[in-house]
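Here is the structure we will look at.
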2 protein chains.
Amino acid sequence: MEFEPEALQTRMKHFKEQLRRAGVKATHQRLEIFREVAKSGDHPDAEGIYKGVHKRVPTLSLDTVYRTLWSLLDLGLITTLGATRRRVRFDANMSSHHHFICAKCGMTRDFYSKKFDTLEIPAAVKALGIVEKTQVEVRGLCISCSKEDNSKSNVSHIKEGK
Amino acid sequence: MEFEPEALQTRMKHFKEQLRRAGVKATHQRLEIFREVAKSGDHPDAEGIYKGVHKRVPTLSLDTVYRTLWSLLDLGLITTLGATRRRVRFDANMSSHHHFICAKCGMTRDFYSKKFDTLEIPAAVKALGIVEKTQVEVRGLCISCSKEDNSKSNVSHIKEGK
DNA sequence: TTCCTAAATAAGAATAAATACTATTTAAGA
DNA sequence: TCTTAAATAGTATTTATTCTTATTTAGGAA
């Protein structure tokens, strides 16, 4: 479910194209921030993205990360993921896919399913507004969390470490 | 999709029972905080809950709201909703249901679907860990947002007002 | 009912995440 | 190369959430 290097390169090319089409500058920071989101299988939050890109672009500011992510979201080049708690997570995978989320550690993995992509939306829901997309969220415990955790309340809220 | 008064009363009764069973005190604050979450059709965040309960319990502190919500979550009496941005939202509806979320204003509505409740989870997903529940998230634009918004980038991120 | 105690709360301080501000830099078209 | 609007860095500020401590209270025991 990760992208191979080729795929990432292709996506970077597309990305630049879309930036040009949208009339926004293809700055070094933008490219690297997008690359960071696009290459990760998990879905990093703003700080994770900042840390990753900072290694390559030491002058990067956190503000730029936030500003860039929200603007890419506005341009429709990335999406956000419902955070289990507080922090938003970002997703550069714009193809139709779904998520498995560990309720304990927040680990998130994409998965694909033709069947889930083509769910018939109930009429009552269509009446609520314009439907843009449908995504299935499977919650549970990832393997490592389910191993270490035999206490009473498994699916507790997430206490995300630094 | 809202709960009638009777249903709310029943739920309050159940709630008290579950508190006793869990061995935690049925404080006035706890009851009112749960009532606030349970009675709302939308899914309020901590501050919204605080404001609602504060009218009835003027001495309530925001800290108590947070502490109470997380502990109810740990007890499995409420759940959280993937926030579209930043703030977590809480959900006292523990019966199997799904969500329509407006990508613009964040409005969220429950809906029910037997079909969605019984989706067959792909084997590849089951291999990721223990599956606890599956929820379908329909994103789009609610009626009022789709009316007022005819600009280019519809599905932008949420700028939640105070 | 009154008393006792661990659990829960209020209030405000502290922390952390996200955003705003402003001077400086830079992409990209002329 | 030159120009300029757009974008960024660095820092200040705001806002959400959690922590600390003194006080209050639910609920069981006497």
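Chain identifiers are assigned alphabetically (A, B, ...) following the order of the sequence lines, protein sequences preceding nucleic acid strands; residue numbering begins at 1 within each chain.
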Heavy-atom count check: over 12 atoms from other residues, nucleotides or ligands less than 6.0 Å from A/K16 NZ? no
Roughly how far, to the nearest 0.5 Å, is CZ of A/F15 from CZ of A/R30? 7.5 Å
A/R67 side-chain N/O to D/dT8 phosphate OP1/OP2 under 4.0 Å: yes
How many whole angstroms separate atom CD of B/E32 from atom C1' of D/dA26? 16 Å
Protein-nucleotide distance (B/Y50, atom OH; D/dA16, atom P), rounded to Å: 13 Å
Between the protein and nucleotides 11-13 of chain C, which nitrogen or oxygen pairs are less than 3.5 angstrom apart?
residue, atom, partner, partner atom, Å
C/dA11, OP2, B/T59, O, 3.4

Donor + acceptor pair across side chains of B/H99, B/D110 (<3.5 Å): yes
A/W70 vs C/dA18: side-chain N/O to OP1/OP2 distance below 4.0 Å: no
Atom CG of A/L75 to atom P of D/dA6: distance rounded to whole Å? 14 Å
Across the strands shown, which category fits B/R30 at heavy-atom distances under 4.0 angstrom: base, sugar-phosphate, nothing? sugar-phosphate
Just wondering, do B/L77 and B/L19 contact through their side chains at under 4.5 Å, heavy atoms? yes
Protein-nucleotide distance (B/Q29, atom CD; D/dT24, atom C1'), rounded to Å: 10 Å
Side-chain N,O (B/T64) to OP1/OP2 (C/dA10) below 4.0 Å: yes
Answer yes or no: is there an ion pair linking A/E32 with A/K39, defined by an N-O contact shorter than 4.0 Å? no
Grab the OH-P distance between A/Y66 and D/dG10 for me, whole Å please. 17 Å
In whole Å, I'd like the distance from the NE2 atom of B/H28 to the P atom of C/dA8. 17 Å
Could you tell me whether the side chain of B/R11 and the main chain of B/A38 form a donor-acceptor pair under 3.5 Å? yes
Whether A/E17 and A/R20 form a salt bridge (side-chain N of Lys/Arg under 4.0 Å from carboxylate O of Asp/Glu) is what I want to check. no
Nucleotide of C/dA8, C/dA28, C/dA18 approaching B/V24 most closely (side-chain heavy atoms): C/dA8
Distance check needed: D/dA9 P versus A/I33 CD1, whole Å only. 8 Å
Atom CD of B/E47 and atom P of D/dT17 are separated, to the nearest Å, by 8 Å
